[in-house]
Protein chains: 2
Amino acid sequence: MQDTRSNSERATTELREMIFSGALPPGSDHLETELAEKLGMSRTPVREAALTLRAQGLVELRPRRGLRINPVSAKDMADIYDILTELESLAAARAAEARYSRADLATLATAIGDMTEALAQDDLRAWANADDRFHRELVRLGGNARLSMIVSVMRDQVRRARATTLFIRPKPTQSNDDHRAVYQAIAEGDPKTAHDIHHAHRLHARDMLVSLLEKHQFHGL
Amino acid sequence: MQDTRSNSERATTELREMIFSGALPPGSDHLETELAEKLGMSRTPVREAALTLRAQGLVELRPRRGLRINPVSAKDMADIYDILTELESLAAARAAEARYSRADLATLATAIGDMTEALAQDDLRAWANADDRFHRELVRLGGNARLSMIVSVMRDQVRRARATTLFIRPKPTQSNDDHRAVYQAIAEGDPKTAHDIHHAHRLHARDMLVSLLEKHQFHGL
DNA sequence: GCATTTTTTAACGTATACATTAAATCATAC
DNA sequence: GTATGATTTAATGTATACGTTAAAAAATGC
C-alpha cells in the first residue's frame, strides 16, 4: 500500500525521526539541498517541513548555514518538564471533573497494567512505551485539544533525553503507584487529588532527570 | 528605511494582523493565490507564512479550499485561558524564586502604574495595553523561553476576544489589586503567594470572559 | 425533473529556475 | 606573515512552471 501523505508531511515525520534517532545530531547543520537529496524530493517540501519543525522548537533556520538541529540542555529539559508538569496536572484535574465511566478509562487502566507487567519483566522499553500511552491518554481525557498539542510537542523533546537516560536511572517503581493513584482519583471524580498527585509525580521525574543530565554533563543533548 | 525582513516573515505578520483586525474573518476561506496578490508577492512566501500560522493554531490548510481562518468558540477560549492560567502562574512562581531586585522589576511596576492611571482616566485601551505589558513581562521574568513562546501564541488568540468584549465587561478594578499583590510577592520572594494570586486572577478572568462570550453567543469569534 | 456519469476547470503540491547576497577564497599591500 | 580588499562561490528566498486531482459544470440517461 502506498503512502498517501504529501511529501511535505513525509519530510516532517522523517526529519523528526532522524532528529530523535540521532541521525541528525543536536547542534549539527544541514543544508536544505542535502536533506532534499537524502529524502528523495525537492527542496520545497523539505523547506515546508523545516518551517513546521521550527515552530515546534526542534530546529532553527540559519540563512546560508542550513538547518541547525537545536541542542537541548539540562536547563531546556527542566523548562520542558515544568511545562509538562503544569499542563498534564491540569488535564488530570479536568479529566476527574468530567466524571468518566470506568469504560472510558479502559485505555488508562490498560497502560497501567502494561507498566506493571513490564516492570516485573524488567523490560524498560515496554515500560517507557506504556508510560507514554498513559500520559497521552491522560491528556486526551483532559479534553483540551490545544493543551494536547502543546504537550505532545514537549513530550517529543523529552523522548530524546529519555533514550539516553532510561538505562541509567533508578527503576520507576514509585511511578507506578502514582499512576494508579491518579487513575483512582479520576475515576472517583476527585480533581484536586488527581492534580496534586500528578503534579508531584512530574516534579519528581523532572528533578531526577535534570540531576542525571547535569551529573552526566549532557550540556547539549 | 526599507523593510529588511523576508517576504515570508512579512507575510506572516501581515496575515496575522489581518486575522486580528477582522480583515480575514473567522471561518472564512482564502485561496493562496488571492492572498499572494493582496500582499504583492508570489505564492511561495504566502504558503510559508500559512504553515507558520497553522503551527500556531490560527489557520488550517484545506486543499483546494484555501486557508481557513480558524474560528474561536467560547470553549476554545476557555481552553486557551486554562493554558494561560497554568503557565503564567508557574512563571510568577519562578519569578519569585529568582529573587529579582526592585530594579529588575521596574517594567512590571511601570505597567501597574500605567494601569492605575488608565483606570482613573477611563481609558480602556490604554489599560489593555498596559495589562498586556504586565503579563508579557511577568512571563519573561519566569525565565522559561519555551513557556514564553507558548503563552505569547495563546495570548494572540485571546486578543481577538478581548477586542470584542473590552467595552462590555465590568471595569477591571479587582484586577489591579491582583497585579499589585503578585508584584509584591515576587519582590518578596514568595513563590506560593505569587502563584496562587495570579492563578485566581486568571481563573476569574477566564470565567468572566467565557460567560460573556456565551451570553453574547459568540459561537465562532 | 432528478440522478448519474463525463468533462472541464483550477488550486494545490512540487519541481525547477534564478537573482540576491553572505560567506569563503584569493589577491594585494604592507 | 598578516591585514585589507576584490573576486568567486553557493545557499537561500522567491518566482514560476506544471502535473495531479478534487471540485464544479456539463452532459447524459432515466
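Residue numbering restarts at 1 for every chain, and letters A, B, ... go by the order of the sequence lines. Note that these values count all heavy atoms, side chains included, but never hydrogens, waters or copies made by symmetry.
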J.: Can we say Arg47(B) and Glu32(B) salt-bridge, meaning some charged N sits less than 4.0 Å from an Asp/Glu carboxylate O?
T.: yes

J.: Between P on dC12(C) and NE2 on His30(B), what's the gap in Å once rounded to a whole number?
T.: 12 Å

J.: Would you indicate, yes or no, if dG13(D) has its OP1 or OP2 atom less than 4.0 angstrom from a side-chain nitrogen or oxygen of Arg47(A)?
T.: yes

J.: Rounded to the nearest Å, what distance is computed from the CD atom of residue Glu34(A) to the P atom of nucleotide dA10(D)?
T.: 13 Å

J.: Tell me if the centroids of the rings in His135(A) and His198(A) come within less than 6.0 Å of each other.
T.: yes

J.: Tabulate protein N/O versus nucleotide N/O from nucleotides 15-22 of chain D, keeping only pairs under 3.5 Å, one per line.
T.:
unit_1: dA15(D); atom_1: OP2; unit_2: Ser42(B); atom_2: N; d: 2.6
unit_1: dA15(D); atom_1: OP2; unit_2: Ser42(B); atom_2: OG; d: 2.4
unit_1: dA15(D); atom_1: O5'; unit_2: Ser42(B); atom_2: OG; d: 3.3
unit_1: dA15(D); atom_1: N7; unit_2: Thr44(B); atom_2: OG1; d: 2.8
unit_1: dT16(D); atom_1: O4; unit_2: Thr44(B); atom_2: OG1; d: 3.4
unit_1: dT21(D); atom_1: O2; unit_2: Arg64(B); atom_2: NH1; d: 3.2
unit_1: dA22(D); atom_1: O4'; unit_2: Arg64(B); atom_2: NE; d: 3.2

J.: Would you indicate whether the side-chain heavy atoms of Leu105(B) and Leu141(B) approach each other to under 4.5 Å?
T.: yes

J.: Is the shortest distance from a Lys or Arg side-chain nitrogen in Asp29(A) or Arg65(A) to a carboxylate oxygen in the other one below 4.0 Å?
T.: no

J.: I need the CG-C1' distance between Leu67(A) and dG13(D), as an integer number of Å.
T.: 14 Å

J.: Using atom CZ of Arg5(B) as one end and atom P of dG13(D) as the other, report the distance to the nearest whole Å.
T.: 15 Å

J.: In whole angstroms, how far is the P atom of dT12(D) from the CZ atom of Arg65(A)?
T.: 12 Å

J.: Rounded to whole angstrom units, what separation is found between the CG atom of Leu51(B) and the P atom of dG13(D)?
T.: 14 Å

J.: For Leu31(A) and dG13(D), what is the distance between atoms CG and P respectively, to the nearest whole Å?
T.: 12 Å

J.: Donor-acceptor check, side chain of Asn70(B) to backbone of Gly57(B), threshold 3.5 angstrom: yes or no?
T.: yes

J.: Taking atom P of dA10(C) as reference, at what distance in whole Å does atom CG of Asp29(B) sit?
T.: 18 Å

J.: Kindly indicate whether the side chain of Leu147(B), heavy atoms from C-beta on, has any atom under 4.5 Å from the side chain of Asp82(A).
T.: no

